[in-house]
**Student:** 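Here it is, the structure in full.
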Amino acid sequence: MLMGFRCARTVSFGPAVVLLLASFPLAGAGADSAPGIPASQLVREVIQNEVHSAEADHTRWMYRLHHRDPHTDEVKECVDSREVTICRVLARNGHPLPPEEAQREIQHIDALARNPQKLKEQQKSRQQDGDRALKMLKMLPDAFNYEYEGREAEYLRLRFEPNPKFKPPDRESRVFHAMVGSLVIDPESKRLVAIQGRLVKDVDFGLGLLGHLNKGGTFEVRREQVGDGVWETTLLDVNVHGRAMFFKTINAQQHEVTEDFKEVPPNLTLAHAASMLEAPSLQARSEKAH
């Protein structure tokens, strides 16, 4: 639940950016070798990078998003304009939209571009989720204890568990602090590649009257470098059971894969973004979307 690193692209966890921190030597060349600095210090430096990235990066993208939850299975093409993000549905339930639905989708995109109020409301919710995710991201160094666990290809894997000295300041962080899991870190750039977590106990709010989350819930976020120093979330998987969710744009059960990133101009208008989604060339992408 930390994280949609992107939390709908506001904390791409807005990745990207570069706070240049010196790279560190590895203690040895073996598969289980660890850096010559404490795991907690490495995490703190990585999070400094990510926070700086989330606050400083203004890169905008066109990308494909495959979203599944208990009620929806859709592939969308999305474009970040300077005002809001706009998306066009290409496929549902594993099949490209039939021609008449595809045409209605184009008409819908045109209507949104002419009256973007709904998009602005969605963008506001994404921004609020991004702020929550960023707040929890900043807590990572203090909320957990870390130890090196080994390597994952060229990356380092660290295990984390709750730090008993950390006092969660709010409901969101109480859920966050009830998790164990692992971080995957790129030791060269000191960037966060992945995070996985699992709730190890039930969490009640207001003696259960205000909400309850069941033990065993999981989340996973994975990221890739899509440009020079720019990292974006490519996988978001959430499987949490209960009735106290804090993110407005993340469901309790959902799986999202984001791919095919193409950078767009930072001053791209909503009208131009809509025209990119209405282009005939998108039909070929639609036919491959299933």
**Student:** Considering non-hydrogen atoms only, spot the tightest contact between Leu140 and Tyr146 and give its length.
**Tutor:** O-OH, 2.5 Å
**Student:** Stepwise, does the side-chain contact (heavy atoms from CB on, under 4.5 Å) test hold for Leu97 with Val89?
**Tutor:** CA-CA 8 Å; Leu97 296 186; Val89 177; 4.1 Å; yes
**Student:** May I have the step-by-step check of side-chain contact (heavy atoms from CB on, under 4.5 Å) for Arg159 and Tyr148, ending in yes or no?
**Tutor:** CA-CA 6 Å; Arg159 177 173 172 77; Tyr148 291 112; over 6 Å; no
**Student:** Considering only heavy atoms from C-beta outward, does the side chain of Lys262 approach that of Asp260 to under 4.5 Å?
**Tutor:** yes
**Student:** Please find the pair of heavy atoms, one from His255 and one from Leu235, that lie closest to each other, and give the distance.
**Tutor:** CE1-CD1, 3.4 Å
**Student:** Under a 4.0 Å N-O cut-off, is there an ion pair linking Arg222 with Glu152?
**Tutor:** yes
**Student:** Going from CD1 on Ile195 to OG1 on Thr233, what distance comes out if it is rounded to the nearest 0.5 angstrom?
**Tutor:** 11.0 Å
**Student:** Any side-chain heavy atom of Leu65 within less than 4.5 Å of one from Val75?
**Tutor:** no
**Student:** Any heavy-atom pair between the side chains of Leu183 and Phe160 that's under 4.5 Å?
**Tutor:** yes
**Student:** Please report the shortest heavy-atom distance between Pro141 and Val43, naming the atom on each side.
**Tutor:** CA-CG1, 4.3 Å
**Student:** With a 4.5 Å limit on heavy-atom distance, are the side chains of Leu158 and Ser182 in contact?
**Tutor:** no
**Student:** Is any side-chain heavy atom of Leu236 closer than 4.5 Å to one of Val238?
**Tutor:** yes
**Student:** How far does CD1 of Ile86 sit from CG of Leu119, to the nearest 0.5 angstrom?
**Tutor:** 5.0 Å
**Student:** Could you please spell out the steps behind the side-chain contact (heavy atoms from CB on, under 4.5 Å) verdict for Glu101 and Arg104?
**Tutor:** CA-CA 5 Å; Glu101 288 190 37; Arg104 285 197 296 270; 3.1 Å; yes
**Student:** State the CG-CG distance between Leu192 and Leu137, to the nearest 0.5 angstrom.
**Tutor:** 7.5 Å
**Student:** For Lys76 and Cys87, which heavy atoms make the closest approach, and how far apart are they?
**Tutor:** CD-CB, 4.0 Å
**Student:** Heavy atoms, side chains only, cut-off 4.5 Å: are Val79 and Leu277 in contact?
**Tutor:** yes
**Student:** Are Thr218 and Asn239 close enough, and set up right, to give a side chain to side chain donor-acceptor pair (under 3.5 Å), and what steps lead you there?
**Tutor:** CA-CA 5 Å; Thr218 63; Asn239 186 19; 4.6 Å; no
**Student:** Donor-acceptor pair, distance only, cut-off 3.5 Å: does the side chain of Arg68 make one with the backbone of Asp73?
**Tutor:** no
**Student:** Is Val257 reachable from Leu90 through a run of I, L, V, M, F, W or Y residues, each pair having side-chain heavy atoms under 4.5 Å apart?
**Tutor:** no
**Student:** Would you say Leu112 and Met62 are hydrophobically clustered, going by side-chain heavy atoms of ILVMFWY under 4.5 Å?
**Tutor:** yes
**Student:** For Lys167 versus Pro164, what's the shortest heavy-atom pair and its separation?
**Tutor:** NZ-O, 4.0 Å
**Student:** Out of Val264, Thr258, Val226, which residue meets the side chain to side chain contact (heavy atoms under 4.5 Å, CB included) rule with Tyr63?
**Tutor:** Thr258
**Student:** Are Val51 and Phe144 connected, step by step, through hydrophobic side chains (Ile, Leu, Val, Met, Phe, Trp, Tyr) whose heavy atoms are closer than 4.5 Å?
**Tutor:** yes
**Student:** Are Thr269 and Arg82 close enough that some pair of their side-chain heavy atoms sits under 4.5 Å apart?
**Tutor:** yes
**Student:** If hydrophobic clusters are built by linking Ile, Leu, Val, Met, Phe, Trp and Tyr wherever their side-chain heavy atoms come under 4.5 Å apart, do Val230 and Phe261 end up in the same one?
**Tutor:** yes
**Student:** What distance do Ser53 atom OG and Gln48 atom CD have between them, rounded to the nearest 0.5 Å?
**Tutor:** 13.5 Å
**Student:** Grab the two heavy atoms, one from Glu154 and one from Arg151, that are nearest each other, plus how far apart they are.
**Tutor:** O-NH1, 3.6 Å
**Student:** Taking Arg92 first and then Glu74, would you say they form a salt bridge - that is, a charged N and a carboxylate O separated by under 4.0 Å?
**Tutor:** yes
**Student:** Output, in order, the C-alpha distance, side-chain angles, deciding distance and verdict of side-chain contact (heavy atoms from CB on, under 4.5 Å) for Val221 and Gln196.
**Tutor:** CA-CA 7 Å; Val221 177; Gln196 296 173 304; over 6 Å; no
**Student:** Please indicate whether Glu224 has more than 12 foreign heavy atoms, meaning atoms of other residues, nucleotides or ligands, lying under 6.0 Å from its CD.
**Tutor:** no
**Student:** Please report the interatomic distance CH2(Trp231) to CG(Asn49), rounded to the nearest 0.5 Å.
**Tutor:** 11.0 Å
**Student:** To the nearest 0.5 Å, what is the distance between CG (Asp69) and CD (Gln253)?
**Tutor:** 9.0 Å
**Student:** Quick one: do Arg223 and Glu232 make a salt bridge, cutoff under 4.0 Å?
**Tutor:** no
**Student:** Would you say that Met139 contacts Pro169 through its side chain, given a criterion of any heavy-atom pair below 4.5 Å between the two side chains?
**Tutor:** yes
**Student:** Taking 4.0 angstrom as the limit, do Lys190 and Asp186 come out as a salt bridge?
**Tutor:** no
**Student:** Do the charged groups of Arg64 and Glu77 touch, with an N to O distance under 4.0 Å?
**Tutor:** yes
